[in-house]
Amino acid sequence: MQLNDSGLLQTQGFIDGQWRSAMSGKTFEVINPATGALLAEVADMGAAETREAIEAAENAMQSWKALPAKARCDILERWFDLIIAAQEDLAQLMTAEQGKPLAEARGEVAYGAAYLKWFSEEGKRVYGDVIPQQSDRRGLVIKQPVGVVAAITPWNFPNAMITRKVAPALAVGCAVVLKPAAETPLSALALAELAKRAGLPDGLFNIVTGLDAPAIGGEMTGSKIVRKVTFTGSTPVGKLLMRQCADTVKRTSMELGGNAPVIIFDDADLELAVNGAIAAKYRNSGQTCICSNRLLVQAGIYDKFVEKFAEKVKAFNVGNGALDGTTHGPLITTKAVNDVHSKVLDAIDGGACVVTGGKPGAQGAHFYEPTVLTNVHSGMRVFREEIFGPVAPVFKFDTEAEAIAMANDTEFGLASYVYTENMGRIFRVSEALEYGMVGVNETAISSELIPFGGVKESGQGREGSKYGLNDYLETKYICLGGLNRA
Ligand code: SIN
């Protein structure tokens, strides 16, 4: 890792504007998943540091929320500028700790920064209402910051999943305590360094690094000071956090697992569909919540689709994301490799044909071959479970009704995609899909401009867009009476 700005490599937690080691003095290792090399030893904090961070956040929030929105938003804009200026270093850090190819890492840094820019603008538009009532009174509706926010973020997007929670929270006057994933804390800590340089007052953005997620998460969810928990990660962990938040009736935003279908009808533009399905399936080596999990292809186009799709997959250049020409990097851990492989073996046992791939990669312990499976059916784990790896099972269907039923046959409801040239079908299918997001003839659906989020067991709340502010705001009604007195 060659950073132009060595100040971006931080290894301590960040509490009340100070870099801090763990009270126990303990550290944990951050490993490059492509090479197995040790990148850093990071402070291994726990419940006590989390409590301190929450208290610092509560103090800092008092003057922050009283500032005019513009003053808060100006700081977010400066933070955005610094992130863009440091894009290359942040991408190097991300590729080293997460594994995604540098081009994808650069893209994520820009994507993450865009949330700061967007909310630095949108944060100035927190409007209320005046509600007409009887002649002597008016109802005022104002929006106020929800309070101290605890955020828990995943390793698959070590930058953007942080900014899309922290930017709206800070913009409306909240303070944040963040626990980044233990696999990828360096990107988070570099963001904190840049926030400090941007002039963000101490205590508003705190980072508790540590391996003991139950201790840190337990402190966050149990605290009476924390009023909101926002989480991106697996559905089982999301459910646990929601249960823990119930005792203090906290607000929650949950961006949880997905099982995205890509439905490709006979009338689709084949080239567009193949490219879209490839992008959605293999982005970040299949490790995104909105990755297509299931390719559902109509019978008339099925063979042609599989041929073209597999041809492109075979041309991938899998390897260390830091090297030129690498198109796809490793998985995050060997556990992830084993997990993906067990799903592929389950499919093979059930009669699936391996068109390409089908086993761990030769490049190292964290690699899995980009895989395409046919002759698959809904009884297999690759249909029912989130794969989170570079494996594309291609299912066959005959009718539109069958495709919709297959797509909705899951407890998940995050992203879904449809390829067709038929306008009526676009509306029918998009409206019938039980998902928070539908991409029509497009799979690159994410951006700061849109409401990202799911339904069913994929979560609740929306991130990004004007809707993303609501997750950090409370609505207060003020009844103004006695207006007819002279
Ligand atoms: C995710 O996988 O959780 C996020 C993907 C995205 O923002 O596009």
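Everything numeric in this text was worked out from a predicted model, so none of it was measured. We count ligands from 1, going down the list as the structure has it; atoms in each ligand are counted the same way.
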One finds that the ligand 1 atoms under 4.0 Å from a non-hydrogen atom of Asn156 are 2 (O)

Among protein heavy atoms, which sits nearest to [atom], and what does the distance come to when rounded to 0.1 Å?
{"atom": "atom 5 (C) of ligand 1", "value": "Phe157 CE1, 3.7 Å"}
{"atom": "atom 7 (O) of ligand 1", "value": "Tyr111 OH, 2.6 Å"}
{"atom": "atom 8 (O) of ligand 1", "value": "Ser446 OG, 2.5 Å"}

Evaluate the ring planes of [X] and [Y], with Trp represented by its six-membered ring, and classify them as parallel (under 30°), tilted (30 to 60°) or perpendicular (over 60°).
{"X": "Phe205", "Y": "Trp79", "value": "tilted"}
{"X": "Phe157", "Y": "Tyr111", "value": "perpendicular"}
{"X": "His341", "Y": "Tyr368", "value": "tilted"}

Residues pairing under salt bridge (Lys or Arg N to Asp or Glu O under 4.0 Å) where one sits in residues 319-348, two or more places apart or in two chains, turn out to be Asp339-Lys343

Checklist line | Any donor-acceptor N/O pair, Ser285 side chain to Gly329 backbone, under 3.5 Å | finding: yes

Between Cys289 and ligand 1, is there a nitrogen or oxygen pair with a distance under 3.5 Å?
-> yes

**Asked** Can you check whether Arg164 has an N/O within less than 3.5 Å of an N/O in ligand 1?
**Response** yes

Contact region, Glu108 to ligand 1, non-hydrogen atoms below 4.0 Å, reads neither

Check: Tyr467 ring centre within less than 6.0 Å of Phe452 ring centre
no

